[in-house]
Each structure stands twice: as C-alpha cells, then as structure tokens.
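Following: one structure in structure tokens, then a few remarks.
Everything numeric in this text was worked out from a predicted model, so none of it was measured. Just so it is clear: chains get the letters A, B, ... in the order the sequence lines come, proteins before strands, and each one is counted from 1. For the numbers below, each heavy atom of this structure counts, side chains included, while hydrogens, waters and symmetry mates do not.
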2 protein chains.
Amino acid sequence: MEKIRILVVDDHPMVIEGMKAILQQISFVEVAGTAGNSFQALELAETLQPHLIITDINLPEVSGIELTARIKKNYPAMKVIGMSTFNDRSYISQMIQSGADGFLVKSASREEIEQAIPMVLDGQLYLSVDVGMNRTEKKNLQHQPVITRREKEILALIADGLTNPQIAEKLFISLNTVDTHRKNLLAKFETNNSAALIKLATRAGLI
Amino acid sequence: MEKIRILVVDDHPMVIEGMKAILQQISFVEVAGTAGNSFQALELAETLQPHLIITDINLPEVSGIELTARIKKNYPAMKVIGMSTFNDRSYISQMIQSGADGFLVKSASREEIEQAIPMVLDGQLYLSVDVGMNRTEKKNLQHQPVITRREKEILALIADGLTNPQIAEKLFISLNTVDTHRKNLLAKFETNNSAALIKLATRAGLI
DNA sequence: TTAAAAATCCCCCGAAAGCGTGATGTATTC
DNA sequence: GAATACATCACGCTTTCGGGGGATTTTTAA
C-alpha cells in the first residue's frame, strides 16, 4: 500500500525537525516536504500533491488559517491538520471554519499523531486530546456552519443588540438585505431565533 | 492602627499552612483563625468576626461559592476572597455572583496577596493577575448583575431558543410571568433585546 | 411576626423578528 | 462562456418581543 505523503509547514525549524523525526517513526507515512511559510507551502502543495498537510496556525504574513482556506479551495481532497502551541478554542473554530480536518497541540505525542493521521484521511475530524472537549462538543464543531464574511459581520452586530433597521443604516444596505442575511444565519445554525443563534455562535467562537 | 483580621478556609492543610506563613509576613494583617470546611468556617465567622475571609472554592460538601453566599448574607460587611488552583472563568463568575470581593489563584505570590488585601478591604474587586483579563473585562465582572435562580433558569431556556409561550408551557407558569422575568433580565443586563442578553450572559459565564 | 425579596400574574400596543418566496447584480472560478 | 457563491433587494403575513403600566402571592430573612 502506498504511503501517506505529508507536507509539514512551520516557521520554526525546530518544530519542523521534531515533526519530521516523529513522522519518520510511523511506518505508513512519508514526509514529502517541508515549508517555512504559506507561500512556500502553496507551491509545494501544487508540485508535491501531498495527501496531508500539517501546518502551524501562527505563520508570519499569511496565517495557517488563511493557508488552510486556500488549500481547501484549490485542492478540496487534500487534508489539513492545524497545529498550535495553545489549545485556544477560537483558533480551533477558525481552523474548522477554513475547512481544516484536524487540530493538534504541539505537545502532542507520537501516539497521538499516529492516531490522528488515519482518522483525518478517513474523513473524520480529529481534535487533540488536550483540547478537552467531549464528544458532543466535537460533533458540534463538525457541524459548525461555515458563514460568509458579511454574515459574520452582521452576526456581531446582532450580538451587540442592534436591530435590523439599525444594522441596515450602519452598513448602508437595505433592511431587506439585513433580513435575508439574518435568515441565512438562522438557517445555517438551524435555529429559529436570534437568542439561540448568539448562543451557538458564541460557543463556536464566532463572536 | 488595628490589624486586619483574616479567616483562612481550605480543606488542604498544606494550603492553610502556606497561606498562614505568607500572611504572617505581612505586617498589617493577622490570621484570626483557620477552617477546613464551610461549616467550621461559618462558625468561626460568627465567633471571630474577621474582616476578611480567604476561602478555597472547591470545598467538600458545601462549596466555597455557597459559603461565600451565606457569609455575604449574614455579614454583608465581611469581605471574601475566593481561591482556586484553576483560573476558570466560570468559577470566578460564580464567585462574583455570590458576592465575593476578589479572586486569587493558589500560585499567587506574597506580593500579590499583599496587594489584594487592602484593595478588597477598600471595596474594590481584586482579580489575580493570572486571570488574564483586561480592565474592561474586570469592570464588566464588577457590574455583572446578580440574577435570581428563576431568572437563570429562564435565561438558559431563552438561550436554547425557546419562545415565551414555550417556556411558559415547560415551566407550568403563565406567559405573563415569563415575560416579566425576561423583562427583568433585559433590565438587569441593560440591554433591549435577547440577542445582546445572551451574548452578555454567555460572556459572564451564566449560560 | 413582619418586612423585604422573589415569583407569580394581567393588559395594551407598536416595533421587530421570523417565514416564505422570488429576483438581480457581480465576482470568482472552472 | 457557464456555473457557482455571495450579496443585494422586495413584499406580504404572522408571531414574538419589548416597553409601559400595575397587582398579588409565596418565600425567605431579620
């Protein structure tokens, strides 16, 4: 069986080396290449066509979140696992929003990484054990709707207590448009009023 | 000037001893007594009438949160500082809800404790530096409204997306009553719609 | 036992939210 | 050049919310 080809992205050489060392201990994977920034990563993704990309979230200039979004747009089949020193929920949420398939803390063990890779390749969402979420929470993350920029903007204004007319005035758009966006938000979160919407969105780290 | 008399409450003897040792290094305070549980603490609060109580949050049987609430009810002038290993926001919020005047992580230094005591005695809210909140957040905590049990219950249902009629049915009470509670919540949080209410309440750790 | 706090209930009314359905312009991507 | 996703706008209709009152009954604490 073909080995899983992985591209590792991180701006710290030490992390790259560490990850390489760990991956080399896993029989069914192969480090296809490494990159120190998002531009390099995008190039290598093109030329190497790896099965999986493991990338730091905090990259200079173009963040790992942005990188993930671009990767997913260009190569939807390619899997992406985000990595960070902190298990910050909002980071995780943002990664999921961008289409990431998993999240690892940098302190993750070889065993954990070995477990994460097949899961992600299989289409499941992997979250580092350190993240400390129960299954329900993880499921919620998986079913977390992806919202557009405009929707996010309006979501924040709703959370601030603005009414539709007020939002319309503030954004120089029609009341009807605001209403449509609000409706789309309610539909995406499968709720039927703003109170529940704000609760879910807050929990998802979107506010 | 009279020394500040302090009652220390914790179920771990080691913590008691450690806190005592630290407090003894501070010139303007005096350890009036120590307690290993809430019952003992309440008795000593009565007999010793300390100016300040420093209590663990995680006490067996009756928690530090509950203890704080009772102390504040019986002796509103007595100050209470909560203590915990973790700087968990929801714990802090609950302590504030119960009327606590400050919060310390157990890893707090002598300097920090020395700073916290006069502040709290002065009527200010002290939060351990480790809590990592900016001033705005701390202010919000101070102005966090205290809500009743019933209000909290209804708040949760609103956050779940239930409408007033649905809540009324669920709790076997009149629609008007639910409406009144909702209005009181809106008034307490100084908002004018449920979306903002849920945002603030979530941020306050009430949901 | 008595006063205060919490929970309960009631009504009116206008504004906002929520639901359905459809349509157009415009980037961006394939 | 076609398809897709996004943002924009429209309208009618029903329900719910939010603001303004006021009132009574439990519970709880002093």
_D:dA10 OP1/OP2 closer than 4.0 Å to side-chain N/O of A:N176_ = yes
_Is it the case that C:dC9 (base atoms only) and B:T180 (side chain only) share a donor and an acceptor within less than 3.5 Å, ignoring hydrogens and angles?_
yes
*When you check the phosphate oxygens OP1 and OP2 of D:dT8, does a side-chain N or O of A:H181 lie under 4.0 Å from one of them?*
yes
*In whole angstroms, how far is the C1' atom of D:dG19 from the CG atom of B:N184?*
13 Å
_Just N and O in the side chain of A:N164: are any of them under 4.0 Å from OP1 or OP2 of C:dA17?_
yes
_Distance test, side-chain N/O of A:T177 to OP1/OP2 of D:dA10, below 4.0 Å_ = no
*Who pairs with A:S98 by side chain to side chain donor-acceptor pair (under 3.5 Å), at least two apart in sequence or on another chain?*
none
*Rounded to whole angstrom units, what separation is found between the CG atom of B:N192 and the C1' atom of C:dA16?*
11 Å
*Which whole-number value in Å describes the distance from B:L186 CG to C:dA16 P?*
15 Å
*Side-chain donor/acceptor contact of B:K183 with base of D:dG20 under 3.5 Å*: yes
_Test: B:D101 and B:K72 ion pair at under 4.0 Å_ = yes
*So do B:I65 and B:M95 actually touch side chain to side chain, heavy atoms under 4.5 Å?*
yes
_Sequence neighbours excluded, every pair satisfying salt bridge (charged side-chain N to carboxylate O under 4.0 Å, His left out) that has a member inside residues 192-202 of chain A_ = A:K199-B:D160
*Side-chain (A:S38) to main-chain (A:V62) donor-acceptor, under 3.5 angstrom*: yes
_Phosphate-side-chain proximity, B:R149 and C:dA6, N/O vs OP1/OP2 below 4.0 Å_ = no
*Tell me what A:N193 touches on the nucleic acid: a base, only sugar-phosphate, or nothing, going by heavy atoms under 4.0 Å.*
sugar-phosphate
*To the nearest Å, how far apart are A:I173 CD1 and D:dC6 P?*
16 Å
*Would you tell me if any nitrogen or oxygen in the side chain of A:S194 comes within less than 4.0 Å of OP1 or OP2 on C:dG18?*
yes
_Whole angstroms only, please: what is the CG-P distance between B:D179 and C:dC9?_
12 Å
_Nearest-neighbour nucleotide for the B:K73 side chain, D:dA30, D:dC9, C:dT29 considered_ = D:dA30
*Pair B:R182 + B:E151: basic N to acidic O under 4.0 Å*: no
*Rounded to the nearest 0.5 Å, how far apart are CD1 of B:I92 and CG of B:L104?*
10.5 Å
*Angle of first-five versus last-five pair axes in the helix from C:dT1-D:dA30 to C:dC30-D:dG1, to 10 degrees*: 70°
